[in-house]
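In what follows, a structure is listed as structure tokens, so that the remarks can point back to it.
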Amino acid sequence: HVDVSGPRWHSDNVMYSGHYVFSIKSYRSGPSRQLGFQSNSSMGEVVEVERRYSDFDLFRMGLNCEYPGFFIPMLPPKETFMAFKQEDSDSILQRKQGIQQFLIELADHPQLSSEENVSFTNFITVRSEHQFNEFKSQMAKMVDSFSFINDNARKHQLSGSSKYIS
């Protein structure tokens with residue numbers, strides 16, 4: 001089970017610079033030894049982390065690379081000038097609902113939400129900023145290499161198709 005709350009404005013200490021973060025609470029029942037939780041809740045383990053929209057966006061792109069052929073749920077569209085919107089504005093609340101739906105669909109997917117899927121588990125449970133930055137770096141490398149492979153394949157297809165054009 002996954003809940004999204006917030007958003008909360010996180011300032012970058014520069015005028016009009018910052019971003020919204022969403023709080024993700026994940027509840028996991030059953031054995032989760034690899035996650036290292038100590039369960040003291042009747043619902044099982046509870047972990048709360050904060051993520052910004054760009055984290056969700058990178059995570060989704062990484063899942064598309066990691067699981068080609070799987071349907072990865074959509075995220076709400078990226079908007080410009082979010083910094084000028086109030087936390088209770090319709091667009092912010094719609095983004096929160098879209099993120100909640102994205103996580104629910106992932107959590108309901110048997111392969112994508114299994115404990116063997118380290119990416120999903122890390123995204124919703126890693127609290128350490130250092131560890132999460134390492135996770136994001138790994139995801140970015142995977143996305144970059146996947147894009148590089150696709151770009152080279154397209155170039156090869158284009159160069160190969162020109163041989164047959166008269």
Side-chain angles (χ1 to χ4, degrees), residues 1-30 32 34-67 70-144:
H1 182 68
V2 180
D3 286 323
V4 176
S5 61
R8 181 180 61 77
W9 179 253
H10 178 80
S11 176
D12 292 337
N13 295 325
V14 179
M15 185 180 229
Y16 301 115
S17 180
H19 53 271
Y20 282 105
V21 292
F22 296 89
S23 179
I24 304 170
K25 267 190 189 172
S26 57
Y27 307 90
R28 298 174 75 74
S29 57
S32 299
Q34 76 184 60
L35 300 177
F37 294 141
Q38 296 294 326
S39 178
N40 58 2
S41 164
S42 61
M43 294 183 76
E45 296 89 7
V46 179
V47 174
E48 187 169 0
V49 296
E50 288 187 335
R51 303 290 183 250
R52 57 189 292 181
Y53 182 85
S54 60
D55 297 335
F56 287 96
D57 195 34
L58 176 62
F59 176 56
R60 184 179 185 283
M61 288 188 292
L63 287 176
N64 276 317
C65 297
E66 196 172 355
Y67 295 94
F70 278 61
F71 173 75
I72 307 299
M74 299 299 293
L75 282 168
K78 181 140 177 92
E79 288 187 41
T80 55
F81 303 112
M82 287 299 266
F84 298 104
K85 302 193 180 208
Q86 297 295 317
E87 291 178 5
D88 60 351
S89 72
D90 287 343
S91 58
I92 299 285
L93 295 177
Q94 286 175 348
R95 178 175 278 186
K96 175 185 162 186
Q97 290 171 343
I99 287 171
Q100 173 82 36
Q101 187 62 38
F102 169 76
L103 291 174
I104 287 171
E105 289 180 33
L106 288 178
D108 286 346
H109 194 285
Q111 287 88 15
L112 297 177
S113 66
S114 72
E115 286 191 14
E116 288 78 37
N117 181 344
V118 176
S119 297
F120 184 68
T121 302
N122 285 342
F123 187 78
I124 64 172
T125 62
V126 171
R127 294 180 188 161
S128 158
E129 186 176 346
H130 175 73
Q131 287 178 327
F132 189 66
N133 285 336
E134 285 182 9
F135 168 73
K136 289 193 310 186
S137 176
Q138 290 171 352
M139 292 300 257
K141 286 177 187 174
M142 183 173 19
V143 169
D144 289 346

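Computed over heavy atoms, backbone and side chain alike; hydrogens, waters and symmetry mates excluded.
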Residues in side chain to side chain donor-acceptor pair (under 3.5 Å) contact with [X], at least two apart in sequence or another chain:
X      : value
Gln101 : Glu105
Ser5   : none
Ser137 : none
Glu48  : Ser23

Aromatic centroids of Phe70 and His109 separated by under 6.0 Å: yes
Closest non-hydrogen contact found for Ser26 with Thr125 is OG-CG2, 4.1 Å
- Query: For Ile124 and Val47, which heavy atoms make the closest approach, and how far apart are they?
  - Reply: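 For Ile124 and Val47, the tightest heavy-atom pair comes out as O-CG1, 4.0 Å.
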Short question: side chain of Asp55, backbone of Arg52 - any donor-acceptor pair under 3.5 Å?
-> yes
Show me the donor-acceptor pairs, under 3.5 Å and distance only, between side chains in residues 58-67 and residues at least two apart or in other chains.
unit_1 : atom_1 : unit_2 : atom_2 : d
Arg60  : NE     : Pro73  : O      : 2.5
Arg60  : NH2    : Ile72  : O      : 2.9
Asn64  : ND2    : Arg60  : O      : 3.4
Glu66  : OE1    : Ser119 : OG     : 2.6
Glu66  : OE2    : Ser119 : OG     : 3.3
Tyr67  : OH     : Asn117 : ND2    : 3.4

Requested in this report: Kindly write out the residues that satisfy ring pair (Phe, Tyr, Trp, His ring centres under 6.0 Å) with Phe102, not counting sequence neighbours, or none if the list is empty.
Outcome: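 Listed in chain order: nothing, the list is empty.
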- Mind checking whether Tyr20 and Tyr53 have side chains closer than 4.5 Å, heavy atoms only? no
query = Taking the six-membered ring of Phe132, is NZ or CZ of Arg51 closer than 6.0 Å to its centre and within 45° of its axis?
reply =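 So Arg51 does make the cation-pi contact.
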